[in-house]
Amino acid sequence: MSLKVYNTLTRQKEEFQPLSPPQVTMYVCGPTVYDNAHVGHAMSSLVFDIIRRYLQYRGFTVRHVMNYTDVDDKIIMRAQYEEIDAMELAERYIVQYGDHLADLNILPASAYPRVSTEMDNIVRVVQGLIDKGFAYEVDGDVYFRVAKDDDYGKLSRRKLEDMSSGSRIDVDTRKESPMDFALWKAAKPGEPAWDSPWGQGRPGWHIECSVMTIEHLGEQIDIHGGGNDLIFPHHENEIAQSESFTGKPFAKYWLHNGMMQLAGEKMSKSLGNLVTIKEFLSKHEADVLRLLVINSSYRSPLTFNDEVLEQTTRALERLRGGLKPAFPQASGAPDEALQSLVEQLEKSRSGFNESMEDDFNSAGALGHLFDLVRAINQARDARATAEQLSESQEALEELTGVLGLRMQARLADETGAGPFIDMLLEVRKELRAEKLWALSDKVRDGLKALGVLVEDTKDGTSWRWE
RNA sequence: GGCGACGUGGCCAAGUGGUAAGGCAGGGGCCUGCAAAGCCCCCAUCACGGGUUCGAAUCCCGUCGUCGCCUCCA
(Lines give C-alpha, C1' and ligand atoms only; values in the text may rest on other atoms or scores of the structure.)
Protein backbone atom coordinates (compact mmCIF):
# COMPACT_ATOMS: atom_id res chain seq x y z
CA MET A 1 0.00 0.00 0.00
CA SER A 2 1.06 3.52 -0.47
CA LEU A 3 0.06 6.50 1.56
CA LYS A 4 -1.44 9.39 -0.38
CA VAL A 5 -1.76 12.87 1.05
CA TYR A 6 -3.51 15.92 -0.35
CA ASN A 7 -0.96 18.67 -0.79
CA THR A 8 -2.35 22.20 -0.83
CA LEU A 9 0.71 23.30 -2.76
CA THR A 10 -0.13 21.11 -5.76
CA ARG A 11 -3.86 20.80 -5.09
CA GLN A 12 -3.78 17.07 -5.53
CA LYS A 13 -3.14 13.84 -3.71
CA GLU A 14 0.47 12.76 -3.86
CA GLU A 15 2.32 9.70 -2.72
CA PHE A 16 3.84 10.42 0.65
CA GLN A 17 7.61 10.16 0.45
CA PRO A 18 9.40 11.88 3.30
CA LEU A 19 12.80 13.44 2.69
CA SER A 20 14.65 10.92 4.84
CA PRO A 21 12.50 8.00 5.88
CA PRO A 22 11.63 6.67 8.34
CA GLN A 23 12.02 10.14 9.83
CA VAL A 24 9.14 12.56 9.29
CA THR A 25 9.33 16.20 10.29
CA MET A 26 6.05 17.96 10.94
CA TYR A 27 5.42 21.55 11.95
CA VAL A 28 1.93 22.66 12.94
CA CYS A 29 0.91 26.25 13.60
CA GLY A 30 -0.34 26.64 17.13
CA PRO A 31 -2.55 29.28 18.71
CA THR A 32 -1.96 32.89 19.55
CA VAL A 33 -2.33 32.83 23.31
CA TYR A 34 -4.42 35.81 24.35
CA ASP A 35 -7.69 34.14 25.36
CA ASN A 36 -9.36 30.81 26.06
CA ALA A 37 -8.88 28.41 23.19
CA HIS A 38 -12.01 27.09 21.48
CA VAL A 39 -12.97 23.75 19.99
CA GLY A 40 -11.83 24.92 16.56
CA HIS A 41 -8.27 25.07 17.85
CA ALA A 42 -8.83 21.66 19.37
CA MET A 43 -9.97 20.36 16.01
CA SER A 44 -6.72 21.39 14.39
CA SER A 45 -4.63 19.81 17.12
CA LEU A 46 -6.74 16.65 16.92
CA VAL A 47 -6.45 16.39 13.15
CA PHE A 48 -2.67 16.54 13.21
CA ASP A 49 -2.54 14.22 16.20
CA ILE A 50 -4.47 11.63 14.22
CA ILE A 51 -2.16 12.11 11.26
CA ARG A 52 0.86 11.76 13.50
CA ARG A 53 -0.47 8.66 15.20
CA TYR A 54 -1.19 7.02 11.87
CA LEU A 55 2.28 7.82 10.56
CA GLN A 56 3.77 6.25 13.67
CA TYR A 57 1.49 3.22 13.40
CA ARG A 58 2.78 2.87 9.89
CA GLY A 59 6.38 2.80 11.07
CA PHE A 60 7.51 6.37 10.64
CA THR A 61 9.32 8.26 13.36
CA VAL A 62 7.71 11.65 13.70
CA ARG A 63 9.41 14.76 14.97
CA HIS A 64 6.55 17.16 15.64
CA VAL A 65 6.82 20.83 16.54
CA MET A 66 4.00 23.16 17.51
CA ASN A 67 4.56 26.81 18.30
CA TYR A 68 2.87 29.25 20.61
CA THR A 69 2.59 32.82 19.38
CA ASP A 70 3.22 34.73 22.57
CA VAL A 71 4.20 38.11 21.12
CA ASP A 72 1.34 39.73 19.24
CA ASP A 73 -0.86 42.83 19.01
CA LYS A 74 -3.84 41.15 20.60
CA ILE A 75 -1.85 39.81 23.50
CA ILE A 76 -0.48 43.28 24.14
CA MET A 77 -3.91 44.90 23.94
CA ARG A 78 -5.45 42.31 26.19
CA ALA A 79 -2.65 42.63 28.73
CA GLN A 80 -3.03 46.39 28.80
CA TYR A 81 -6.75 45.98 29.35
CA GLU A 82 -6.19 43.59 32.22
CA GLU A 83 -3.31 45.70 33.46
CA ILE A 84 -0.91 42.81 33.64
CA ASP A 85 2.33 41.91 31.92
CA ALA A 86 1.91 40.62 28.37
CA MET A 87 4.26 37.71 28.96
CA GLU A 88 2.34 36.77 32.07
CA LEU A 89 -0.91 36.74 30.14
CA ALA A 90 0.60 34.58 27.42
CA GLU A 91 2.06 32.21 29.96
CA ARG A 92 -1.35 31.73 31.53
CA TYR A 93 -2.92 30.64 28.25
CA ILE A 94 0.05 28.53 27.22
CA VAL A 95 -0.30 26.53 30.42
CA GLN A 96 -4.03 26.23 29.82
CA TYR A 97 -3.59 25.05 26.25
CA GLY A 98 -1.04 22.49 27.37
CA ASP A 99 -3.60 21.14 29.82
CA HIS A 100 -6.19 20.98 27.06
CA LEU A 101 -3.83 19.01 24.82
CA ALA A 102 -3.32 16.48 27.60
CA ASP A 103 -7.04 16.29 28.33
CA LEU A 104 -7.72 15.69 24.65
CA ASN A 105 -5.21 12.82 24.58
CA ILE A 106 -2.99 14.59 22.07
CA LEU A 107 0.54 13.23 21.98
CA PRO A 108 3.12 15.71 23.25
CA ALA A 109 5.06 17.49 20.52
CA SER A 110 8.81 17.18 20.35
CA ALA A 111 9.11 20.90 21.05
CA TYR A 112 6.86 23.88 21.77
CA PRO A 113 8.88 26.94 20.78
CA ARG A 114 7.63 30.47 21.49
CA VAL A 115 8.35 33.75 19.80
CA SER A 116 9.79 35.18 22.98
CA THR A 117 12.42 32.46 23.23
CA GLU A 118 13.44 32.60 19.57
CA MET A 119 14.24 36.28 19.34
CA ASP A 120 17.93 35.92 18.50
CA ASN A 121 17.18 33.53 15.68
CA ILE A 122 14.44 35.76 14.35
CA VAL A 123 16.74 38.76 14.24
CA ARG A 124 19.38 36.68 12.51
CA VAL A 125 16.98 35.50 9.78
CA VAL A 126 15.54 38.98 9.23
CA GLN A 127 19.06 40.34 8.86
CA GLY A 128 19.83 37.53 6.45
CA LEU A 129 16.83 38.46 4.32
CA ILE A 130 17.97 42.09 4.26
CA ASP A 131 21.47 40.99 3.27
CA LYS A 132 20.09 38.97 0.40
CA GLY A 133 17.95 41.84 -0.82
CA PHE A 134 14.63 40.24 0.10
CA ALA A 135 13.86 42.77 2.79
CA TYR A 136 14.35 46.45 3.59
CA GLU A 137 14.22 48.65 6.61
CA VAL A 138 12.06 51.76 6.97
CA ASP A 139 11.96 53.79 10.20
CA GLY A 140 12.74 50.79 12.37
CA ASP A 141 10.29 48.52 10.54
CA VAL A 142 11.55 45.77 8.26
CA TYR A 143 9.43 44.61 5.33
CA PHE A 144 9.64 41.63 3.05
CA ARG A 145 10.07 42.69 -0.59
CA VAL A 146 7.39 40.66 -2.32
CA ALA A 147 8.39 41.81 -5.79
CA LYS A 148 11.75 40.12 -5.35
CA ASP A 149 10.16 36.72 -4.81
CA ASP A 150 9.16 35.55 -8.26
CA ASP A 151 6.94 32.66 -7.19
CA TYR A 152 5.13 34.56 -4.46
CA GLY A 153 1.52 33.39 -4.30
CA LYS A 154 2.17 29.79 -5.33
CA LEU A 155 0.49 28.25 -2.29
CA SER A 156 -2.69 30.31 -2.29
CA ARG A 157 -2.70 30.63 -6.09
CA ARG A 158 -2.94 34.38 -6.02
CA LYS A 159 -1.37 36.80 -8.37
CA LEU A 160 0.09 40.00 -7.06
CA GLU A 161 -1.90 42.04 -9.57
CA ASP A 162 -5.20 40.52 -8.42
CA MET A 163 -4.44 41.23 -4.84
CA SER A 164 -3.30 44.80 -5.06
CA SER A 165 -6.36 45.83 -7.07
CA GLY A 166 -8.93 44.54 -4.60
CA SER A 167 -6.83 45.14 -1.55
CA ARG A 168 -8.45 46.32 1.61
CA ILE A 169 -5.13 46.97 3.21
CA ASP A 170 -4.52 50.56 4.11
CA VAL A 171 -1.80 51.72 1.83
CA ASP A 172 1.34 52.48 3.73
CA THR A 173 3.28 54.81 1.49
CA ARG A 174 6.53 53.90 3.16
CA LYS A 175 6.28 50.37 1.75
CA GLU A 176 7.55 49.66 -1.75
CA SER A 177 4.48 47.59 -2.48
CA PRO A 178 1.18 47.30 -0.61
CA MET A 179 1.72 43.55 -0.45
CA ASP A 180 5.04 43.80 1.35
CA PHE A 181 4.58 42.48 4.87
CA ALA A 182 6.32 43.20 8.14
CA LEU A 183 9.18 41.05 9.35
CA TRP A 184 9.96 43.39 12.20
CA LYS A 185 7.89 46.17 13.73
CA ALA A 186 9.34 49.14 15.58
CA ALA A 187 8.10 49.32 19.15
CA LYS A 188 5.51 51.85 20.19
CA PRO A 189 5.83 53.36 23.67
CA GLY A 190 4.81 50.96 26.43
CA GLU A 191 4.93 47.86 24.27
CA PRO A 192 7.14 44.85 24.94
CA ALA A 193 10.25 45.25 22.82
CA TRP A 194 13.50 43.52 22.02
CA ASP A 195 16.80 44.86 20.76
CA SER A 196 17.64 44.58 17.10
CA PRO A 197 19.91 46.19 14.52
CA TRP A 198 16.88 48.34 13.57
CA GLY A 199 16.15 49.49 17.10
CA GLN A 200 13.71 48.32 19.70
CA GLY A 201 10.85 46.30 18.28
CA ARG A 202 9.21 42.92 17.84
CA PRO A 203 8.74 40.40 15.06
CA GLY A 204 5.95 40.38 12.52
CA TRP A 205 3.56 37.48 12.71
CA HIS A 206 4.85 35.24 9.94
CA ILE A 207 8.57 35.22 10.54
CA GLU A 208 8.39 33.25 13.78
CA CYS A 209 7.14 30.09 12.10
CA SER A 210 9.83 30.19 9.44
CA VAL A 211 12.50 30.63 12.05
CA MET A 212 11.18 28.01 14.45
CA THR A 213 10.81 25.48 11.67
CA ILE A 214 14.36 26.01 10.47
CA GLU A 215 15.72 26.02 14.02
CA HIS A 216 13.86 22.98 15.34
CA LEU A 217 13.30 20.83 12.26
CA GLY A 218 15.65 22.06 9.60
CA GLU A 219 15.59 24.12 6.44
CA GLN A 220 13.48 21.54 4.65
CA ILE A 221 10.65 19.65 6.29
CA ASP A 222 8.11 17.04 5.27
CA ILE A 223 4.79 18.30 6.56
CA HIS A 224 3.62 21.76 7.43
CA GLY A 225 0.13 21.92 8.84
CA GLY A 226 -2.49 24.28 10.13
CA GLY A 227 -6.01 25.54 9.57
CA ASN A 228 -6.96 26.44 6.03
CA ASP A 229 -7.54 30.01 7.14
CA LEU A 230 -3.77 30.26 7.40
CA ILE A 231 -3.08 29.51 3.76
CA PHE A 232 -3.08 33.20 3.00
CA PRO A 233 -1.30 35.23 4.06
CA HIS A 234 0.44 33.29 6.82
CA HIS A 235 1.70 30.20 5.05
CA GLU A 236 2.24 32.01 1.80
CA ASN A 237 4.51 34.40 3.61
CA GLU A 238 6.28 31.62 5.47
CA ILE A 239 7.19 30.07 2.16
CA ALA A 240 8.39 33.40 0.81
CA GLN A 241 10.59 34.07 3.82
CA SER A 242 11.95 30.58 4.26
CA GLU A 243 12.73 29.84 0.66
CA SER A 244 14.23 33.27 0.08
CA PHE A 245 16.42 32.80 3.13
CA THR A 246 17.58 29.25 2.51
CA GLY A 247 17.28 29.04 -1.26
CA LYS A 248 15.64 25.65 -0.86
CA PRO A 249 12.08 24.33 -1.05
CA PHE A 250 10.58 24.70 2.41
CA ALA A 251 7.88 22.14 3.25
CA LYS A 252 7.23 19.20 0.95
CA TYR A 253 3.59 18.67 1.91
CA TRP A 254 1.21 21.40 3.03
CA LEU A 255 -1.77 19.97 4.91
CA HIS A 256 -4.71 22.10 5.95
CA ASN A 257 -7.71 21.26 8.08
CA GLY A 258 -11.18 22.66 7.43
CA MET A 259 -12.93 25.02 9.81
CA MET A 260 -15.25 24.14 12.64
CA GLN A 261 -18.68 25.48 11.76
CA LEU A 262 -21.10 26.72 14.38
CA ALA A 263 -24.54 27.66 13.05
CA GLY A 264 -23.21 27.55 9.52
CA GLU A 265 -20.35 29.92 10.15
CA LYS A 266 -16.70 29.50 10.91
CA MET A 267 -16.10 29.46 14.62
CA SER A 268 -13.74 32.26 15.52
CA LYS A 269 -12.83 34.71 18.19
CA SER A 270 -13.59 37.68 16.00
CA LEU A 271 -17.09 36.44 15.18
CA GLY A 272 -17.65 35.56 18.82
CA ASN A 273 -19.49 32.34 17.92
CA LEU A 274 -17.38 29.97 19.86
CA VAL A 275 -17.41 27.19 22.38
CA THR A 276 -14.27 27.06 24.46
CA ILE A 277 -12.46 23.80 25.06
CA LYS A 278 -13.02 24.32 28.75
CA GLU A 279 -16.78 24.62 28.26
CA PHE A 280 -16.84 21.59 26.03
CA LEU A 281 -14.90 19.39 28.42
CA SER A 282 -17.11 20.39 31.32
CA LYS A 283 -20.07 18.85 29.51
CA HIS A 284 -18.61 16.09 27.36
CA GLU A 285 -15.87 13.52 27.32
CA ALA A 286 -12.81 14.30 25.24
CA ASP A 287 -13.46 11.25 23.07
CA VAL A 288 -16.70 12.82 21.85
CA LEU A 289 -14.84 15.69 20.22
CA ARG A 290 -12.24 13.36 18.81
CA LEU A 291 -14.87 11.05 17.37
CA LEU A 292 -16.62 14.03 15.82
CA VAL A 293 -13.37 14.96 14.10
CA ILE A 294 -12.69 11.38 13.05
CA ASN A 295 -16.14 11.00 11.54
CA SER A 296 -15.56 13.47 8.73
CA SER A 297 -12.85 14.51 6.33
CA TYR A 298 -10.22 16.63 8.03
CA ARG A 299 -10.17 18.97 5.04
CA SER A 300 -13.88 19.75 5.09
CA PRO A 301 -15.80 22.11 7.33
CA LEU A 302 -17.02 20.34 10.46
CA THR A 303 -20.59 20.79 11.63
CA PHE A 304 -20.70 21.47 15.35
CA ASN A 305 -23.98 21.73 17.23
CA ASP A 306 -25.87 20.08 20.07
CA GLU A 307 -27.65 17.60 17.85
CA VAL A 308 -24.43 16.37 16.30
CA LEU A 309 -22.78 16.12 19.70
CA GLU A 310 -25.67 14.00 20.92
CA GLN A 311 -25.36 11.73 17.89
CA THR A 312 -21.61 11.45 18.36
CA THR A 313 -22.02 10.61 22.03
CA ARG A 314 -24.33 7.74 21.10
CA ALA A 315 -21.97 6.56 18.41
CA LEU A 316 -19.14 6.51 20.93
CA GLU A 317 -21.26 4.36 23.22
CA ARG A 318 -21.78 1.90 20.44
CA LEU A 319 -18.10 1.80 19.58
CA ARG A 320 -17.20 1.14 23.20
CA GLY A 321 -19.89 -1.51 23.36
CA GLY A 322 -17.68 -3.67 21.20
CA LEU A 323 -15.30 -3.99 24.14
CA LYS A 324 -17.93 -5.25 26.56
CA PRO A 325 -16.86 -8.60 27.99
CA ALA A 326 -18.21 -11.98 27.00
CA PHE A 327 -21.18 -13.26 28.98
CA PRO A 328 -19.96 -14.81 32.24
CA GLN A 329 -21.53 -18.16 31.52
CA ALA A 330 -20.68 -18.19 27.82
CA SER A 331 -20.05 -21.74 26.74
CA GLY A 332 -18.44 -21.03 23.39
CA ALA A 333 -19.73 -19.96 20.01
CA PRO A 334 -20.30 -22.35 17.11
CA ASP A 335 -17.54 -22.58 14.54
CA GLU A 336 -19.37 -20.69 11.84
CA ALA A 337 -19.97 -17.77 14.18
CA LEU A 338 -16.28 -17.68 15.02
CA GLN A 339 -15.42 -18.02 11.38
CA SER A 340 -17.43 -14.97 10.38
CA LEU A 341 -15.87 -13.00 13.23
CA VAL A 342 -12.41 -13.84 11.94
CA GLU A 343 -13.41 -12.87 8.42
CA GLN A 344 -14.85 -9.56 9.53
CA LEU A 345 -11.73 -8.84 11.54
CA GLU A 346 -9.65 -9.28 8.42
CA LYS A 347 -11.99 -7.12 6.37
CA SER A 348 -12.09 -4.41 8.98
CA ARG A 349 -8.36 -4.29 9.46
CA SER A 350 -7.59 -4.06 5.78
CA GLY A 351 -10.47 -1.64 5.19
CA PHE A 352 -9.21 0.56 7.98
CA ASN A 353 -5.73 0.63 6.51
CA GLU A 354 -6.91 1.31 2.98
CA SER A 355 -9.05 4.21 4.10
CA MET A 356 -6.31 5.78 6.16
CA GLU A 357 -3.83 5.38 3.31
CA ASP A 358 -6.10 7.59 1.24
CA ASP A 359 -5.28 10.97 2.72
CA PHE A 360 -6.13 9.87 6.26
CA ASN A 361 -9.76 9.05 5.49
CA SER A 362 -10.65 8.53 9.12
CA ALA A 363 -14.40 8.57 8.48
CA GLY A 364 -14.08 5.66 6.09
CA ALA A 365 -11.79 3.88 8.53
CA LEU A 366 -14.29 4.41 11.31
CA GLY A 367 -17.01 2.78 9.23
CA HIS A 368 -14.92 -0.38 9.09
CA LEU A 369 -14.49 -0.31 12.86
CA PHE A 370 -18.25 -0.18 13.33
CA ASP A 371 -18.52 -3.26 11.14
CA LEU A 372 -16.08 -4.96 13.48
CA VAL A 373 -18.14 -3.91 16.48
CA ARG A 374 -21.20 -5.52 14.98
CA ALA A 375 -19.31 -8.74 14.32
CA ILE A 376 -18.04 -8.82 17.90
CA ASN A 377 -21.55 -8.26 19.23
CA GLN A 378 -22.86 -11.05 17.05
CA ALA A 379 -20.23 -13.42 18.34
CA ARG A 380 -20.92 -12.44 21.93
CA ASP A 381 -24.61 -13.06 21.41
CA ALA A 382 -23.64 -16.45 20.01
CA ARG A 383 -22.09 -17.24 23.42
CA ALA A 384 -18.47 -16.66 22.44
CA THR A 385 -16.06 -16.88 25.36
CA ALA A 386 -13.72 -14.11 26.45
CA GLU A 387 -10.90 -16.06 24.84
CA GLN A 388 -12.81 -16.29 21.57
CA LEU A 389 -13.47 -12.56 21.53
CA SER A 390 -10.04 -11.44 22.61
CA GLU A 391 -8.30 -11.20 19.26
CA SER A 392 -11.03 -9.04 17.75
CA GLN A 393 -11.41 -6.90 20.81
CA GLU A 394 -7.68 -6.33 21.01
CA ALA A 395 -7.71 -5.29 17.36
CA LEU A 396 -10.57 -2.89 18.04
CA GLU A 397 -8.59 -1.36 20.88
CA GLU A 398 -5.49 -1.13 18.76
CA LEU A 399 -7.17 0.54 15.79
CA THR A 400 -9.26 2.97 17.81
CA GLY A 401 -5.99 3.71 19.57
CA VAL A 402 -4.42 4.64 16.24
CA LEU A 403 -7.13 7.26 15.97
CA GLY A 404 -6.32 8.38 19.50
CA LEU A 405 -9.56 7.32 21.13
CA ARG A 406 -9.20 6.37 24.76
CA MET A 407 -12.28 4.11 24.71
CA GLN A 408 -12.45 4.30 28.48
CA ALA A 409 -15.91 4.88 29.83
CA ARG A 410 -16.16 6.81 33.05
CA LEU A 411 -14.76 4.50 35.70
CA ALA A 412 -17.18 2.88 38.05
CA ASP A 413 -15.32 3.81 41.21
CA GLU A 414 -14.54 7.35 40.16
CA THR A 415 -17.05 8.76 42.62
CA GLY A 416 -16.61 6.09 45.24
CA ALA A 417 -20.28 5.25 44.72
CA GLY A 418 -19.59 1.77 43.36
CA PRO A 419 -20.13 -0.23 46.56
CA PHE A 420 -23.38 1.61 47.26
CA ILE A 421 -24.71 0.98 43.79
CA ASP A 422 -23.70 -2.66 44.02
CA MET A 423 -25.59 -2.92 47.29
CA LEU A 424 -28.72 -1.40 45.78
CA LEU A 425 -28.52 -3.82 42.88
CA GLU A 426 -28.13 -6.71 45.31
CA VAL A 427 -31.37 -5.68 47.01
CA ARG A 428 -33.00 -5.23 43.63
CA LYS A 429 -31.98 -8.74 42.68
CA GLU A 430 -33.92 -10.09 45.64
CA LEU A 431 -36.91 -7.91 44.77
CA ARG A 432 -36.84 -9.31 41.26
CA ALA A 433 -36.61 -12.83 42.57
CA GLU A 434 -39.79 -12.09 44.52
CA LYS A 435 -41.27 -10.54 41.36
CA LEU A 436 -41.77 -7.24 43.11
CA TRP A 437 -41.43 -5.39 39.83
CA ALA A 438 -42.68 -2.03 41.01
CA LEU A 439 -40.03 -1.84 43.70
CA SER A 440 -37.22 -3.20 41.55
CA ASP A 441 -38.06 -0.70 38.80
CA LYS A 442 -38.06 2.05 41.38
CA VAL A 443 -34.43 1.21 42.15
CA ARG A 444 -33.54 1.18 38.47
CA ASP A 445 -35.36 4.42 37.71
CA GLY A 446 -33.84 6.07 40.75
CA LEU A 447 -30.34 5.14 39.68
CA LYS A 448 -31.10 6.28 36.13
CA ALA A 449 -32.05 9.67 37.48
CA LEU A 450 -28.62 9.79 39.11
CA GLY A 451 -26.89 8.91 35.86
CA VAL A 452 -26.43 5.19 36.41
CA LEU A 453 -27.61 2.88 33.65
CA VAL A 454 -28.71 -0.55 34.81
CA GLU A 455 -28.76 -3.41 32.33
CA ASP A 456 -30.10 -6.89 33.01
CA THR A 457 -28.95 -9.89 31.04
CA LYS A 458 -29.43 -13.59 31.40
CA ASP A 459 -26.16 -13.72 33.26
CA GLY A 460 -26.83 -10.99 35.74
CA THR A 461 -27.03 -7.25 36.08
CA SER A 462 -24.41 -4.67 35.15
CA TRP A 463 -24.34 -0.92 35.47
CA ARG A 464 -22.37 1.98 34.06
CA TRP A 465 -22.33 5.73 34.19
CA GLU A 466 -24.45 7.42 31.58
C1' G B 1 -14.80 42.31 -7.27
C1' G B 2 -10.61 38.29 -7.23
C1' C B 3 -9.21 33.23 -5.65
C1' G B 4 -10.88 28.53 -3.67
C1' A B 5 -14.08 24.71 -1.60
C1' C B 6 -18.63 22.44 -1.16
C1' G B 7 -24.09 20.94 -2.10
C1' U B 8 -25.27 12.53 -0.86
C1' G B 9 -31.76 9.75 3.07
C1' G B 10 -34.95 13.38 8.99
C1' C B 11 -29.59 14.62 11.07
C1' C B 12 -24.01 13.78 10.74
C1' A B 13 -21.10 11.67 6.96
C1' A B 14 -17.78 8.08 3.51
C1' G B 15 -17.62 7.11 -1.58
C1' U B 16 -14.87 10.83 -7.40
C1' G B 17 -16.61 6.34 -14.03
C1' G B 18 -19.69 0.48 -13.23
C1' U B 19 -25.33 0.67 -10.72
C1' A B 20 -25.03 4.45 -2.97
C1' A B 21 -19.99 2.66 3.70
C1' G B 22 -20.87 3.80 8.67
C1' G B 23 -23.22 6.39 12.86
C1' C B 24 -27.66 8.88 15.04
C1' A B 25 -32.94 9.08 14.68
C1' G B 26 -37.46 6.31 12.83
C1' G B 27 -40.63 1.68 11.67
C1' G B 28 -41.16 -3.82 12.31
C1' G B 29 -39.31 -8.33 14.77
C1' C B 30 -36.19 -11.50 18.38
C1' C B 31 -34.60 -11.41 23.44
C1' U B 32 -36.59 -9.39 28.31
C1' G B 33 -41.29 -9.45 33.94
C1' C B 34 -40.78 -4.48 31.79
C1' A B 35 -36.76 -1.63 30.18
C1' A B 36 -31.76 -0.97 28.55
C1' A B 37 -28.06 -3.18 25.63
C1' G B 38 -27.46 -6.51 21.62
C1' C B 39 -29.13 -9.13 17.19
C1' C B 40 -32.32 -9.47 12.47
C1' C B 41 -35.25 -6.76 8.72
C1' C B 42 -36.95 -1.98 6.45
C1' C B 43 -35.90 3.24 5.21
C1' A B 44 -31.82 7.82 -0.46
C1' U B 45 -30.24 7.42 -6.72
C1' C B 46 -26.65 11.56 -4.79
C1' A B 47 -29.01 20.69 -5.51
C1' C B 48 -31.11 21.74 -10.55
C1' G B 49 -30.51 21.88 -16.15
C1' G B 50 -27.70 20.35 -20.24
C1' G B 51 -23.49 17.41 -22.32
C1' U B 52 -19.50 13.35 -22.76
C1' U B 53 -19.77 7.84 -22.19
C1' C B 54 -21.99 1.24 -23.33
C1' G B 55 -22.39 3.20 -18.33
C1' A B 56 -21.83 9.20 -13.91
C1' A B 57 -23.26 10.85 -7.34
C1' U B 58 -18.42 10.43 -9.58
C1' C B 59 -15.90 13.91 -16.02
C1' C B 60 -17.34 18.82 -18.76
C1' C B 61 -20.56 23.40 -19.21
C1' G B 62 -24.34 26.39 -17.08
C1' U B 63 -27.82 27.83 -13.05
C1' C B 64 -29.07 28.25 -7.99
C1' G B 65 -27.38 27.84 -2.99
C1' U B 66 -23.81 27.50 1.13
C1' C B 67 -19.01 28.31 3.10
C1' G B 68 -13.79 29.91 3.36
C1' C B 69 -9.65 33.32 2.10
C1' C B 70 -8.41 38.25 0.18
C1' U B 71 -7.75 42.23 7.59
C1' C B 72 -6.23 39.14 13.13
C1' C B 73 -7.68 33.95 12.98
C1' A B 74 -6.68 26.56 13.94
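Sequence lines set the chain letters: A, B, ... in the order given, protein chains first and strands last, and positions in each chain run from 1. These figures come from a predicted structure and were not determined experimentally.
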Once you apply a heavy-atom cut-off of 4.0 Å, does A:Gly225 come out as touching a base, just sugar-phosphate, or nothing?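 The answer is nothing, as A:Gly225 stays clear of every strand by at least 4.0 Å.
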Hey, does the side chain of [X] come within less than 4.0 Å of [N]'s phosphate (OP1/OP2), counting only N and O?
X        : N      : result
A:Asn361 : B:rG15 : yes
A:Lys266 : B:rC69 : yes
A:Thr303 : B:rA13 : yes

Base paired to [N] (Watson-Crick or G-U; both N/O distances under 3.5 angstrom):
N      : result
B:rC34 : none
B:rC67 : B:rG4
B:rG18 : B:rC54
B:rG49 : B:rC61

When the aromatic ring centroids of A:Tyr253 and A:Phe16 are compared, is their separation below 6.0 Å?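 Yes.
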Do A:His256 and A:His235 have ring centroids that are under 6.0 Å from one another?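 So the answer is yes for these two rings.
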Side chain A:Arg432 and base B:rG33 donor-acceptor under 3.5 Å: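 Check passes, donor-acceptor contact within cut-off.
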Looking at A:Asp72 and B:rC72, is any side-chain donor or acceptor paired with a base atom of the opposite kind under 3.5 Å?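 Check fails, no donor-acceptor contact within cut-off.
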Please enumerate all residues that pass side-chain contact (heavy atoms from CB on, under 4.5 Å) together with A:Glu91, with sequence neighbours excluded.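 Partners of A:Glu91 by the side-chain contact (heavy atoms from CB on, under 4.5 Å) criterion, ordered by chain and then number, come out as A:Val95, A:Arg114.
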Going by the angle between their ring planes, with limits at 30° and 60°, are A:Tyr152 and A:Phe232 parallel, tilted or perpendicular?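 Geometry flag for A:Phe232 against A:Tyr152: perpendicular rings.
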side-chain hydrogen bond (donor to acceptor under 3.5 Å, both in side chains) for A:Asp72 and A:Thr32? Distances and angles first, verdict last. CA-CA 8 Å; A:Asp72 166 88; A:Thr32 299; 4.8 Å; no
Identify whether NZ of Lys or CZ of Arg in A:Arg318 sits under 6.0 Å from the centre of the six-membered ring of A:Phe370 and within 45° of that ring's axis.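 That pair does not qualify as a cation-pi contact.
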Calculate the interatomic distance between A:Asp441 atom CG and B:rA36 atom C1'; express it in whole Å.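 Rounded to whole Å, this separation is 11 Å.
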Expressed as a whole number of angstroms, how long is the span from A:Leu289:CG to B:rC12:C1'?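 Taking CG of A:Leu289 and C1' of B:rC12, I get 15 Å after rounding.
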Take A:His206 and A:Glu236 through the test side-chain hydrogen bond (donor to acceptor under 3.5 Å, both in side chains) and record every step on the way to the result. CA-CA 9 Å; A:His206 317 295; A:Glu236 193 69 73; over 6 Å; no
Does the distance from a Lys or Arg side-chain N to an Asp or Glu carboxylate O, for A:Asp49 and A:Arg52, drop under 4.0 Å?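 Looking at A:Asp49 and A:Arg52, the cut-off is not met.
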For each nucleotide in nucleotides 21-30 of chain B, reading 5' to 3', give B when a protein heavy atom comes within less than 4.0 Å of its base, S when such contact involves only the sugar-phosphate, and - otherwise. BBBBS-----
Taking only nitrogen or oxygen atoms into account, show me every contact under 3.5 Å that the protein makes with nucleotides 57-60 of chain B, one pair per line with its distance.
none

What distance, rounded to whole Å, do you find between the two P atoms, one in B:rG22 and one in B:rG38?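 B:rG22 and B:rG38 have their P atoms separated by 16 Å.
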Identified side chain to side chain donor-acceptor pair (under 3.5 Å) partner of A:Asp359 from the options A:Lys4, A:Arg299, A:Lys13: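 Single pass found, and it is A:Arg299.
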